[in-house]
Structures are given as structure tokens and as C-alpha cells.
Amino acid sequence: MRYLAEGLRLPTNALDYTILILYFVVVLGVGFAARRSVKTSLDFFLSGRSLPAWVTGLAFVAANLGALEILGMAANGAQYGVYTVHWYWVGAIPAMVFLGLVMMPFYYGSKVRSVPEFLLHRYGPSSHLLSSIIFSVASMLIAGVNLYALAIVVEALLGWPQWVAIFIAGLFVLLYITLGGLSSAIYNEVLQFFVILAALIPLTVVGLKRVGGWGGLKDSLVHTHGPHFVTAWGGTGIGSPNPLGANWLTIVLGLGFCLSFGYWTTNFAEVQRALSAQNLSAAQRTPLIAAFPKMFIPLIVVVPGLISLAIAPDLGKKGGPQYNDAIPLLMSELLPNGVLGLAVTGLLAAFMAGMAANVSSLNTVFTNDIWGAYIRKGRPDAYYVLTGRVVTAVGVGIGMGTAFIASSFSNIMNYLQTLFSFFNVPLFCVFIIGMFWKRATAAAGFWGLLTGTVAAMINYFWLYKNGVVSIPSDQGANFVSAIVAFVVGGVVMVGVSLFTKPKPVETLAGLVYGTTAPGVAEPAAAGDEAWYRRPAVLGLAAIILAALCYIPFSL
């Protein structure tokens with residue numbers, strides 16, 4: 001992403017900049033409006049647990065639809081072809097359904113304010129503090145990557161210096177989160193979701209028309225890259241070579257289970273949106289509602305990557321534009337002024353949504369799980385609201401700094417996937433074993449998390465990078481690292497649990513499957529809600545629809 005083609009400068013005019021300015025005004029307006037509802041720490045960090053499911057659902061998908069999602073997955077589409085859809089239909093939807101149906105009753109029912117806080121109740125302070133520190137560091141790094149990605153794209157498209165783009169975007173995110181807390185972030189994410197759609201849908205439609213529709217696009221890519229490039233499963237047999245460098249087993253286990261479930265069920269930047277819902281049913285429906293727009297995102301992210309490859313056959317080749325240029329290239333080629341301004345605004349909205357999700361989750365975890373739990377206990381509620389606002393400012397400032405550190409990485413998307421295999425997968429392993437096995441002990445939680453992380457790092461940096469194990473691509477190595485992290489973490493947890501003393505069963509109420517915490521309401525009975533609002537119905541419909549999405553890409 002750091003080598004965007006210099007010829008992509010957009011012919012923006014006053015109309016385009018007017019649209020951009022109006023968007024920033026609305027964003028700040030939402031922040032000021034949300035400020036009136038912030039009276040307690042629960043309001044600031046979790047919106048008072050008062051938001052309806054449709055709002056939290058759209059915010060859930062928008063929080064993930066950041067710059068790296070749009071530019072990175074379009075680049076993956078151009079580089080790997082239709083194989084990229086696996087990140088959605090296998091690598092997202094099943095895990096989102098699992099989060100809604102199985103894990104949200106534990107998260108919401110236990111009234112925890114964060115994912116690490118659940119570990120505190122289930123395992124104890126060691127696992128809690130370790131996961132809190134890991135998450136805080138990762139959040140600042142990822143926020144910085146979002147800012148850096150924004151800066152280099154804005155520099156290429158609009159000519160702004162990188163430091164100007166980093167400062168302006170970081171300042172606006174700081175202002176509206178500091179003012180209105182999570183409510184401000186969530187309502188802006190809902191706005192940003194529609195702005196992003198308004199930017200990417202015209203780009204896809206005009207692009208498809210340019211290359212002769214889906215049939216013309218497919219014929220063009222089959223001619224230049226072979227038939228497997230435009231199918232989801234072609235060439236994924238074990239031992240068969242393909243551009244992705246992965247087979248069906250590593251796709252299903254590494255991406256579809258370990259990486260996917262690790263990210264969607266334990267990443268607090270996502271789970272926080274569901275925790276802000278007004279009741280348990282709304283919290284369960286949050287990821288399920290998000291699953292429906294999520295499964296169609298490839299049509300406006302991956303397909304433009306394919307279109308750009310057809311329009312610019314030298315994409316990714318030496319001397320030509322980079323794969324990361326896919327979306328900017330289409331914008332400069334296809335969009336007129338006005339629509340161009342909307343597209344640039346959509347990109348900025350995506351960057352800000354990704355950064356805001358990380359910053360709002362960072363202030364919650366650091367304030368409640370590190371500062372309030374171990375450094376300054378028992379202070380008045382207003383003290384923690386102020387602390388959250390200070391942490392927001394510090395986090396944005398550090399994010400601006402790590403944005404420049406991110407410039408040292410030549411492939412940001414691979415870097416992020418590597419981080420997820422290191423940190424999210426071991427955390428998911430600890431969660432899932434602890435939720436379904438009462439015998440899992442506090443020591444097992446800590447050592448499972450630590451050894452799973454170390455094992456993934458050893459596999460990636462020593463076995464893969466040194467050529468001890470031959471894996472065709474970085475993405476394939478990430479899938480294998482995720483499997484290694486889960487297996488090693490799980491084996492260590494079981495072994496340590498058998499030799500250490502478990503917590504008394506009565507202390508696990510509401511934390512282990514089959515138990516309910518005293519005073520916590522059970523999920524609504526099947527007849528208490530309209531059929532289309534029942535989580536089980538939504539989850540089943542999402543799984544079936546995601547499976548059907550594969551059909552046109554498998555023929």
C-alpha cells in the first residue's frame with residue numbers, strides 16, 4: 001500500500017470537496033448530539049445498554065468495513081481472484097452466527113463490560129490482565145495501520161501530505177468519541193455504512209458495465225489467469241497449486257474455524273457493539289443482523305478488485321500499479337465529479353469507522369480492565385468517564401505515532417492477518433474450552449493463552465520464514481499458524497487443567513454452558529417474539545444464504 005501509483009491523482013473540484021466537508025460537519029454533529037446522553041460510565045463505554053438491534057447490527061458490520069477491508073480485500077481479489085470470497089462466507093458468517101446464538105448469552109448475561117472481563121470471572125486475574133494488555137497494544141497498532149492506510153491513499157488521490165491526512169482524520173475521531181463515547185461511534189458507524197455503500201455500489205456497477213458484465217469479466221480473467229481464478233473452490237485439492245497457496249482443509253480449519261471464530265467471537269471492537277444493545281435478544285440479533293449485509297460485501301469489494309485487473313492487466317506486475325491500487329484506480333478511471341467526491345468520502349468514512357472501532361474498544365478495556373481493576377480501584381463513576389476520555393486522546397495520539405511505524409511493513413493486509421493468528425486464535429481457544437468444560441482451571445487459561453500465542457509465532461517466524469516448512473504464501477502460513485495456535489493452546493489447557501485445582505462449580509454459574517447466573521433472565525422463549533426476530537431463525541437463514549452464495553462462484 002505504500003507504493004500507490006503516482007498517476008492516480010483524482011481531478012477533484014469544489015463540488016467534491018463540498019461533499020467531503022458536509023460529511024465531516026455531520027460527523028461532529030452526531031458527536032455533540034450523543035454527548036447529552038452520557039451521564040455515567042455505562043453510557044460512555046456501552047451506550048447505557050440501550051440501543052436497538054438494527055443500530056447495533058449495522059454498527060457491527062460497519063466497524064469491520066474499514067479501509068483495510070475495502071482496499072485490502074479488493075487487492076486480494078485482484079491477486080488471488082474469487083478465492084477471496086472465503087473470507088466472508090466461510091471466514092465470517094458461521095462465526096457471527098455462533099457469536100449470536102451461543103456466546104452472546106454468556107457475554108450479555110454475565111453483564112461484563114468487555115471480553116477480558118469475562119476471562120476475569122471465568123479464570124481469574126492472570127488471564128484477565130494478560131488479555132487486556134495484548135488487546136490494548138493490538139488496538140493501538142491496528143488504529144495506526146488504519147490511519148497510515150488513509151494517509152497514503154489520500155496523498156495519492158488528493159495530494160494531501162501524509163501527516164495532514166493522519167492529523168485531520170485522527171482529530172475528528174478523537175473529537176466525536178471524546179464527546180459522545182460509544183454512542184457517538186456507533187451512530188457514526190451506521191452513517192458511515194451507508195456512505196460506504198453509496199460510494200462502492202456505483203463503482204461496481206459502472207465497472208461491470210465497462211468490462212461487459214459478469215460474463216465479460218469472467219471470460220477476460222479466464223483468458224489471462226486460467227479457469228480456477230474465477231471459482232471459489234477450483235484447484236483447492238490437497239497438493240494442488242493455486243494462487244492462494246492453501247487447500248480446502250486449511251481454508252476450512254485455518255480460516256473458517258480458527259481465524260474466523262477467533263476474530264468474530266473474541267475481538268472486543270466487534271463484541272462491544274452487541275454489548276451495547278438494549279436487551280439479551282437484541283444483543284443476540286446484533287451479529288445475526290450484521291451477517292446479512294456482510295455476506296454481500298464481496299460484491300462491492302472483491303468484484304471491483306477483479307474489475308480493476310481486467311481493466312489494467314499490468315496490475316501487480318513489475319513496473320505497473322500495485323494490487324493495493326485496485327480501488328483508487330477504478331475511481332480515477334470511472335467516476336465523474338460529484339460521484340467522485342462521494343467515493344472519496346466513502347473511503348474516508350471507512351478509515352474512520354475502522355479506527356473508531358479500535359479506539360472506542362481501547363478506552364473501555366484500558367479504563368475498566370487495567371486502570372480501574374489494578375491501578376485505581378474504587379473511584380467515583382465520574383472519574384472513570386474522565387479516564388475514558390483521556391485514554392481516548394492518548395490512544396489516538398499513539399495511533400498517529402504507530403501510523404508512521406506501519407510504513408515499515410510492505411504488506412499491511414498480510415501483517416494484520418498474522419497478528420490475528422497470533423492473538424485472536426489463542427484467546428478463542430481459551431474461551432471455547434472454558435465455556436464448555438467446567439474442569440478448565442485458572443492456570444490453564446493463562447498458560448493456554450500464552451503458549452498458543454508463542455506457538456503461532458514459532459510456526460510463522462521460525463518454521464515458515466526460515467523455510468523449515470514449505471508453505472506457498474503468507475496467507476497460507478497464517479492459516480497454518482492459526483491451526484497450530486489453537487491445537488497447542490488446547491492441548492496445554494487440557495494438560496494443565498488435569499494437574500491443577502478447578503474453581504468451585506458454584507462460582508461458574510452463567511460462565512459455563514448449561515449454567516445460569518442467579519437473577520439473569522433466560523433468552524426469550526420461541527413464542528415470545530415474531531418469527532423474523534428469533535435469533536435461531538436469523539442464524540439458520542444466514543447460514544443457508546451464505547452457502548447459496550457459493551453456487552454462482554463454483555460453476
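Not measured: the values here are computed from a predicted model.
Taking Tyr513 as the reference, Phe436 meet the ring-ring contact (aromatic ring centres under 6.0 Å, His included) condition, with sequence neighbours excluded. With sequence neighbours left out, the side chain to side chain contact (heavy atoms under 4.5 Å, CB included) criterion links Tyr88 to Glu69, Met73, Lys294, Ile297, Pro298, Val301, Val302. By the side chain to side chain donor-acceptor pair (under 3.5 Å) test, Ser481 pairs with Asn459, sequence neighbours left out. Here Thr453 pairs with nothing under the side chain to side chain donor-acceptor pair (under 3.5 Å) rule; sequence neighbours left out. Evaluation of the side chain to side chain donor-acceptor pair (under 3.5 Å) rule for His128 yields Asp369, Tyr374 as partners, not counting sequence neighbours. Taking Phe431 as the reference, Tyr107, Phe118 meet the ring-ring contact (aromatic ring centres under 6.0 Å, His included) condition, with sequence neighbours excluded. Annotation: ring-ring contact (aromatic ring centres under 6.0 Å, His included) contacts of Phe292 (sequence neighbours excluded): none. Every residue two or more places apart in sequence or in another chain that forms a salt bridge (charged side-chain N to carboxylate O under 4.0 Å, His left out) with Arg113 is listed here: Glu117. Residues satisfying the side chain to side chain donor-acceptor pair (under 3.5 Å) criterion with Thr265, sequence neighbours excluded, are absent altogether.
The side-chain heavy atoms of Arg49 and Gln278, taken from C-beta on, include no pair separated by under 4.5 Å. Residues Trp264 and Asn64 are in side-chain contact: their nearest non-hydrogen atoms beyond the backbone lie under 4.5 Å apart. Leu191 is listed as a side-chain neighbour of Val26, based on a closest heavy-atom distance under 4.5 Å. Taking the side chain as every heavy atom from C-beta outward, Val97 and Pro287 never approach each other to under 4.5 Å. Looking at heavy atoms from C-beta onward, Met96 lies out of side-chain contact with Leu288 at the 4.5 angstrom threshold. Looking at Ser131 and Val115, their side chains never come closer than 4.5 Å, going by heavy atoms from C-beta outward.
Ring-centre distance between Phe479 and His86: not below the 6.0 Å cut-off.
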- Item | Check against ring pair (Phe, Tyr, Trp, His ring centres under 6.0 Å), Phe135 and Phe423 | CA-CA 8 Å; Phe135 179 81; Phe423 303 127; over 10 Å; no
- Message: Between Phe98 and Phe261, is the ring pair (Phe, Tyr, Trp, His ring centres under 6.0 Å) condition met? List the steps.
- Response: CA-CA 8 Å; Phe98 184 82; Phe261 279 66; 5.3 Å; yes
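Applying the salt bridge (Lys or Arg N to Asp or Glu O under 4.0 Å) definition to pairs two or more places apart or across chains, those involving residues 261-279 are Glu189-Arg273. For residues 420-443, every residue pair satisfying the side chain to side chain donor-acceptor pair (under 3.5 Å) rule, not counting sequence neighbours, is listed here: Thr441-Thr500. Annotation: side chain to side chain donor-acceptor pair (under 3.5 Å) contacts involving residues 382-397, sequence neighbours excluded, comprise Asn363-Thr392, Trp371-Tyr383.
Gln272 and Ser114 are not linked by any side-chain donor-acceptor pair at a separation below 3.5 angstrom, with hydrogens and angles left out of the test.
The distance from atom CD1 of Ile300 to atom CD1 of Ile201, rounded to the nearest 0.5 Å, is 5.5 Å.
Sparse packing is recorded around CH2 of Trp447, with 12 or fewer heavy atoms of other residues, nucleotides or ligands lying under 6.0 Å away.
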